Amino acid sequence: MIVFDASGSMGTTDYALKVPRIARLKQSLRVVVPEVAPVRRLGLIVYGEGAYDDCNAIQLHMRPTANAADQLLGIVETINPRGRTPLTESVRQAAEALDFRQQPAVIVLVTDGEETCGGDPCALGTQLEKSGLDVTVHVIGYREGGGGVDYFKARCIADATGGSYFAVSTEDQLIKALRQTLGCPFLTQGAQRRFATLSQCRPAGAAIETHACHR
């Protein structure tokens with residue numbers, strides 16, 4: 001499940017190329033989603049599309065769906081950044097949509113800022129780890145130039161659930177992080193989770209095993 005940041009700050013332009021952050025994220029998804037969709041069911045939650053002060057602007061656009069590249073990218077094209085950043089509640093809703101207490105769940109949060117609606121991402125990470133069957137949250141923190149920030153507080157959700165955190169500032173880094181977090185995971189080996197490349201998810205001539213990488 002992808003959790004997509006459509007808060008107002010995503011409309012901010014890149015300092016060098018004058019490209020809005022959301023345009024870079026959309027372009028990165030255009031590259032990665034067609035690669036991933038044949039081997040992983042994809043879902044999408046978007047937050048921040050409502051009024052500027054609306055912390056309830058969270059929408060589940062798509063539950064995990066097989067071969068959903070065109071559907072997901074069609075939704076992404078319509079996203080317009082406007083509001084605040086209820087990222088904690090958005091991740092919680094993503095976990096619920098994935099029935100995380102009963103089955104494994106993988107969530108990829110892409111954000112360019114901190115929680116602005118009073119949620120506690122660290123407490124949520126601990127809660128998901130304790131009550132979920134096998135929930136993993138990866139966090140991609142996007143801010144061009146770094147802005148003096150190596151990571152956002154939301155990183156603690158990834159730390160608590162055994163996920164990965166990526167601090168990215170360019171489109172190439174976004175693409176790399178999306179490929180790594182949306183790639184098919186190998187089985188957990190001890191406390192360390194390893195991820196396959198997309199080619200390893202679907203070796204040449206092999207049948208696609210979508211049941212192993214369905215979230």
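Nothing here was measured: the structure is a model prediction, and the numbers come from that model.
Closest heavy-atom contact between Arg82 and Gly50: CB-O, 3.2 Å. Closest approach of Phe152 and Tyr165 over heavy atoms only: N-OH, 3.0 Å. Closest non-hydrogen pair, Leu98 versus Val106, comes out as CD1-O, 3.7 Å. Considering all non-hydrogen atoms of both residues, Cys117 and Arg84 come closest at SG-CB, 3.9 Å. The shortest non-hydrogen separation linking Arg101 to Ser131 is CG-O, 3.7 Å. When all heavy atoms of Gly183 and Arg40 are compared, the closest pair comes out as O-NH2, 2.8 Å.
Under the 3.5 Å distance criterion, the side-chain polar atoms of His61 are left unmatched by any main-chain donor or acceptor of Ile45. Without hydrogens or angle criteria, Ser7 side chain to Gly83 main chain gives no donor-acceptor distance under 3.5 Å. Between the side chain of Glu115 and the backbone N or O of Ala154, no donor-acceptor pair lies under 3.5 Å. Here the side chain of Thr65 pairs no donor or acceptor atom with the backbone of Ala68 at under 3.5 angstrom. Lys26 contributes a side-chain N or O that, together with a main-chain N or O of Ile79, makes up a donor-acceptor pair within less than 3.5 Å. In this structure a side-chain-to-backbone donor-acceptor pair under 3.5 Å is present from Glu114 to Lys153.
Counting heavy atoms from C-beta on, the side chains of Val33 and Glu35 never come closer than 4.5 Å. Counting heavy atoms from C-beta on, the side chains of Pro81 and Thr12 never come closer than 4.5 Å. At least one side-chain heavy atom of Leu60 sits less than 4.5 Å from a side-chain heavy atom of Arg63. Counting heavy atoms from C-beta outward, Val108 and Met1 have side chains that stay 4.5 Å or more apart. Using a 4.5 Å heavy-atom cutoff, the side chains of Phe4 and Leu44 are in contact. Contact check for Arg21 versus Leu25: no side-chain heavy atoms found under the 4.5 Å cut-off. Within the 4.5 Å cutoff, the side chain of Ile140 has heavy atoms near those of the Leu178 side chain. Here the side chains of Tyr142 and Leu174 are in contact, with some heavy-atom distance below 4.5 Å.
Transitive grouping of hydrophobic side chains (ILVMFWY, heavy atoms separated by less than 4.5 Å) keeps Val137 and Leu133 in distinct clusters. There is a path of hydrophobic side-chain contacts, each under 4.5 Å, that joins Val31 to Ile75.
Atom CZ of Arg179 sits about 11.0 Å away from atom CG of Leu182, to the nearest 0.5 Å. One finds the CE atom of Met62 at 6.0 Å from the CG atom of Leu42 (value rounded to the nearest 0.5 Å). Between atom CD of residue Gln59 and atom CD of residue Gln93 there is a gap of 10.5 Å, rounded to the nearest 0.5 Å. Once rounded to the nearest 0.5 Å, the distance linking CD1 of Ile2 with CG of Leu29 reads 5.5 Å. We find the CZ-CD1 distance between Arg92 and Ile157 to be 12.5 Å, quoted to the nearest 0.5 Å. To the nearest 0.5 Å, the span separating CD on Glu96 from CG on Leu128 amounts to 8.5 Å.
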Pair Leu124-Thr126, side chain to side chain contact (heavy atoms under 4.5 Å, CB included): steps then yes or no:
CA-CA 5 Å; Leu124 176 65; Thr126 300; over 6 Å; no
Take Asp112 and Arg143 through the test side chain to side chain contact (heavy atoms under 4.5 Å, CB included) and record every step on the way to the result.
CA-CA 6 Å; Asp112 76 334; Arg143 182 169 294 175; 5.7 Å; no
Leu87 vs Leu109, side chain to side chain contact (heavy atoms under 4.5 Å, CB included): CA-CA, chis, key distance, verdict
CA-CA 8 Å; Leu87 65 84; Leu109 166 65; 4.2 Å; yes
Apply side chain to side chain contact (heavy atoms under 4.5 Å, CB included) to the pair Ile107 and Thr161, showing each step before the final yes or no.
CA-CA 10 Å; Ile107 298 165; Thr161 61; over 6 Å; no
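For Glu129, there are no salt bridge (Lys or Arg N to Asp or Glu O under 4.0 Å) partners two or more places apart in sequence or in a different chain. Residues passing the side chain to side chain donor-acceptor pair (under 3.5 Å) test with Thr111 are Asp5, Tyr47, sequence neighbours excluded.
Side chain to side chain, Gln27 and Arg30 meet the donor-acceptor criterion of an N or O pair below 3.5 Å.
Residue Asp70 places its CG atom among 12 or fewer non-hydrogen atoms of other residues, nucleotides or ligands, all under 6.0 Å distant. For Lys176, the NZ atom sits in a loose shell: 12 or fewer heavy atoms of surrounding residues, nucleotides or ligands are nearer than 6.0 Å.
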